[in-house]
Amino acid sequence: RIMRPDRVGSALADYVAQELGPEFAEQAPFSMEETYAESSSRTPLFFVLFPGSDPTPMVEDMAARLGKTAANGGFVNISMGQGQELVAISTLRNCAEA
């Protein structure tokens, strides 16, 4: 154990920033607008969730600004879990046909 595991991540980030520049070591804040601009019907958005993170409010806000709401049928939020596969598949089919 030459290197302390609790310090390796920080030391690597410092090294990368010094050698390649800070843009390679620092993550820019998440922007829903930029992410949406990079998406299309062929490159949809996919969120991997971690404990304590919930993109739902950002997604709902962006959808509302685009005129897509649950009230007008333009936005559907499905929390995937046991038994939701058929709901999701049916929703995808309905949206594809619209």
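Computed from a predicted structure; not experimentally measured.
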Point to revise | Partners passing side-chain contact (heavy atoms from CB on, under 4.5 Å) against Ala25 (at least two apart in sequence or in another chain) | key: Val16, Ala17
**Study point:** Partner set under side-chain contact (heavy atoms from CB on, under 4.5 Å) for Phe30, not counting sequence neighbours
**Key:** Met32, Thr35, Phe47, Met58
Check your understanding: With ILVMFWY side chains joined below 4.5 Å, transitively, what does Ile89's cluster contain besides itself?
Key -> none
Study note, to complete from the structure: For Ala88 and Ile78 the tightest heavy-atom approach is CA-CD1, 3.7 Å
Review point. Of all residues at least two apart in sequence or in a different chain, which pass the side chain to side chain donor-acceptor pair (under 3.5 Å) check with Ser39?
Key: none
Practice item. Go through the structure and list residues passing salt bridge (charged side-chain N to carboxylate O under 4.0 Å, His left out) with Glu23, not counting sequence neighbours. Key: none
Practice item. Keeping to residues at least two apart or across chains, list the side-chain hydrogen bond (donor to acceptor under 3.5 Å, both in side chains) pairs with something in residues 64-82. Key: Glu33-Arg65, Asp61-Arg65, Thr69-Asn72
Point to revise | Derivation of the side chain to side chain contact (heavy atoms under 4.5 Å, CB included) call for Thr43 and Ser40 | key: CA-CA 5 Å; Thr43 57; Ser40 73; 3.1 Å; yes
Review point. With ILVMFWY side chains joined below 4.5 Å, transitively, what does Leu92's cluster contain besides itself?
Key: none
Review point. Does CZ belonging to Phe75 count more than 12 external heavy atoms closer than 6.0 Å?
Key: yes
Review point. Got a sec: does the CD of Glu34 have more than 12 other heavy atoms crowding it under 6.0 Å?
Key: no
Point to revise | All side chain to side chain donor-acceptor pair (under 3.5 Å) counterparts of Ser53, not counting sequence neighbours | key: none
Practice item. Could I get the full list of side chain to side chain donor-acceptor pair (under 3.5 Å) partners for Asn94, not counting sequence neighbours? Key: none
Point to revise | Listed partners of Ser10 passing side chain to side chain donor-acceptor pair (under 3.5 Å), at least two apart | key: none
Review point. Linking I/L/V/M/F/W/Y whenever their side-chain heavy atoms sit closer than 4.5 Å, directly or via other members, would Phe50 and Met80 fall into one cluster?
Key: no
Review point. Under 3.5 Å, is there a donor-acceptor pair between the side chain of Thr91 and the main chain of Val87?
Key: yes
Study note, to complete from the structure: The side-chain contact (heavy atoms from CB on, under 4.5 Å) partners of Ala11 (sequence neighbours excluded) come to none
Check your understanding: Mind checking whether Val59 and Val76 sit in one hydrophobic cluster, side chains of I, L, V, M, F, W, Y counted as touching below 4.5 Å?
Key -> no
Revision key, fill the gap. With sequence neighbours left out, the residues meeting side-chain contact (heavy atoms from CB on, under 4.5 Å) with Glu26 are Pro22
